[in-house]
J.: 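One structure coming up, written as structure tokens, with questions to follow.
The figures that follow rest on heavy atoms only: side chains count, while hydrogens, waters and symmetry mates do not.
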Protein chains: 2
Amino acid sequence: MLKKERHDFIMRQINLHNRVLTSDLVQLLNVSEDTIRRDLQELVDENLLYKVHGGALSKSYHSSFDDSTVYARDSKIAIGKKAVQLIKDGMVVLTGGGTTILEFVKRLPQGLSATFFTISPLVAVELAKYNNIEVILIGGLFSKNSQVTYGGQVITQLSEIKADLCLMGTSAIHPDEGLTDTYWEINQLKKAMLACAKKTAVLCISEKLDIALRLRVCPIESISYLITELEVGHESLAGYRAKELNIL
Amino acid sequence: MLKKERHDFIMRQINLHNRVLTSDLVQLLNVSEDTIRRDLQELVDENLLYKVHGGALSKSYHSSFDDSTVYARDSKIAIGKKAVQLIKDGMVVLTGGGTTILEFVKRLPQGLSATFFTISPLVAVELAKYNNIEVILIGGLFSKNSQVTYGGQVITQLSEIKADLCLMGTSAIHPDEGLTDTYWEINQLKKAMLACAKKTAVLCISEKLDIALRLRVCPIESISYLITELEVGHESLAGYRAKELNIL
DNA sequence: ATCAAAACTGCGGTAATTTGCGCGTTTGAT
DNA sequence: ATCAAACGCGCAAATTACCGCAGTTTTGAT
């Protein structure tokens, strides 16, 4: 393999995953560590990436402030990490959109082999960074507010899917009222998503607990897992524990 | 064997494999290394390939790996501005993906009222910033390389659309060979896109001119507009002017 | 057809690039 | 504090690139 090809390969990995480990590159490209280190140094000289102990990082990754402006990001990261535990090799997963789901996707293990359906373009782009994940983006009208696809076409396509697990963010959850939402279309969408998955996990930062909105998506019993940033035994979750859904 | 024959042979290898090793060419063509090196140098002078230590790489191959900093961004912005002129209120537009298309979208007038179909999640997200544009994202398998949806489902959905204009980026364009591409799936996709639009505009930075890859998408006659960053009268476009497509 | 100029090719010698390895140093986690 | 992993530096071997030269072929004009 020519040096230029290695450089291109490395840059591709960087653009795809925002980071790369020296040891991984050694295996993937089948050259010595020294060569990789020299390659990385040359790419640094060309101002194309940052080098760190153990590998390299994307330049744009650091300069993009997108992440830091995410509301309650720490909570969402914690939720994302917990949600990752539910994912096993070979699973068919359906996800919604939203910043919480996005944090979850970013924390999936590199080698994971699975199939993901999603209605969120941003989630799809993030999922595409994993080599062994097949990504199917469900198309339809694109919602400017929620940044997900919706409408009849989406619901029709959902009805043809059978997923092992559905992961969705939430607008509001309440022990008695269950999942609720404000917009009719989103409401319909969530119902369709629930219907096509064996199990459903709801990702929910604690401040959205105990709230009920106008439109009912489903009763609390339809949910398999509730994932918040709180400890499992936290008192705020008492009302949900009584409903015998799994709390993570 | 004549020099011209060697050059053709080398270019064929390049278009086929995107790369070629000097040592291989020495064996295949049964000439000295110096001759090969001189051949490669001449092809570089003709702007047909990149020479690297140990061999040469295809130009289009190289540009298909976009750097994190958008490659040739200024050119793409210029192309985007020209493409905007083709868009009128009420139009139904179909777009592909890629950084050039993205620059085009960013330069649409704010008040524009139109319907956009797209196979690119990133384009969809960008289009969603316009209040009066209806965005329909065409769903399907998501390509990790091209960052667009593809596959049978996409093609089926495309067949149900009738668009006024199709805007697509390009891997390579050639006066005689027309539009060509390297990947089968993308090739099929582009054919389907062409088929469902009344007119097609190809957005193409000048360095992708006069290149032919393995798979044929369509002859030059199927294209309505060719948009490059060059002036309309630029000499590089002479071969295309003869084909009576509109050059912007 | 003939001859000179230009182009092409291979060869020898030299310079530059690339790569892997050894080895002492630095780094980061426990 | 300690230790393994990661790092950087210099060196040597191998490969590749470059330069000038000479022999051969092609070109083009008479």
J.: Taking any heavy-atom pair under 4.0 Å as a contact, classify B:V26: base, sugar-phosphate, or nothing.
T.: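 Contact class for B:V26: none.
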
J.: Using a cut-off of less than 4.0 Å, is there contact between a side-chain N or O of B:R6 and OP1 or OP2 of C:dC8?
T.: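 So the side chain of B:R6 is outside the cut-off, no N or O lying under 4.0 Å from OP1 or OP2 of C:dC8.
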
J.: Can you tell me which residue pairs pass the salt bridge (Lys or Arg N to Asp or Glu O under 4.0 Å) test with a partner in residues 161-175 of chain A, sequence neighbours excluded?
T.: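 Qualifying pairs: A:D164-A:K198.
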
J.: Nearest whole angstrom, please: distance from the C1' of D:dA17 to the CG of B:L21.
T.: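 Between C1' of D:dA17 and CG of B:L21: 15 Å.
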
J.: Run through B:T95, B:T170, B:L226, B:I227 and flag the one making a side chain to side chain contact (heavy atoms under 4.5 Å, CB included) with B:L203.
T.: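 That would be B:I227; it is the only one of B:T95, B:T170, B:L226, B:I227 passing the side chain to side chain contact (heavy atoms under 4.5 Å, CB included) with B:L203.
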
J.: Which residues pass the side chain to side chain contact (heavy atoms under 4.5 Å, CB included) test with B:L48, sequence neighbours left out?
T.: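 Residues passing side chain to side chain contact (heavy atoms under 4.5 Å, CB included) with B:L48: B:M11, B:L43, B:E46.
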
J.: Determine the contact category for B:T22: base if any of its heavy atoms lies under 4.0 Å from a base atom, sugar-phosphate if only primed atoms, P, OP1 or OP2 are that close, otherwise nothing.
T.: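 B:T22: backbone/sugar contact only, no base atoms under 4.0 Å.
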
J.: Given atom CD of B:E5 and atom P of C:dC8, what is their separation to the nearest angstrom?
T.: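 After rounding, the gap between these two atoms is 14 Å.
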
J.: Under the side chain to side chain contact (heavy atoms under 4.5 Å, CB included) test, which residues partner B:V52, sequence neighbours left out?
T.: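 Partners of B:V52 under the side chain to side chain contact (heavy atoms under 4.5 Å, CB included) test: A:L2, A:K4, B:L57.
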
J.: Is any side-chain heavy atom of B:I10 closer than 4.5 Å to a side-chain heavy atom of B:Q13?
T.: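 Contact flag for B:I10/B:Q13 side chains = no.
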
J.: Tell me, for nucleotides 23-30 of chain C in 5' to 3' order, what letter each nucleotide earns: B for a base near a protein heavy atom under 4.0 Å, S for only sugar-phosphate near one, - for neither?
T.: ----S---

J.: To the nearest angstrom, how far is A:K3 atom NZ from D:dT16 atom P?
T.: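 To the nearest whole Å, that distance equals 14 Å.
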
J.: Output every pair passing salt bridge (Lys or Arg N to Asp or Glu O under 4.0 Å) with a member in residues 31-41 of chain B, not counting sequence neighbours, ordered by first then second residue.
T.: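 Qualifying pairs: B:R6-B:D39, B:E33-B:R37.
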
J.: Kindly indicate whether the side chain of B:L167, heavy atoms from C-beta on, has any atom under 4.5 Å from the side chain of B:F104.
T.: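 Answer yes - side chains close enough.
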
J.: Pull out every residue in residues 31-44 of chain A that has a heavy atom closer than 4.0 Å to any atom of DNA chain D, ordered by number, or say none.
T.: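 Contacting residues: A:D34, A:R37.
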
J.: So, A:D210 and A:Y240: side-chain donor and acceptor under 3.5 Å apart, yes or no?
T.: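 Side-chain D/A pair, A:D210 to A:Y240: present.
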
J.: Atom NZ of B:K4 and atom P of C:dA7: how far apart are they, to the nearest Å?
T.: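 Atom-to-atom, B:K4 to C:dA7, this comes out as 18 Å.
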
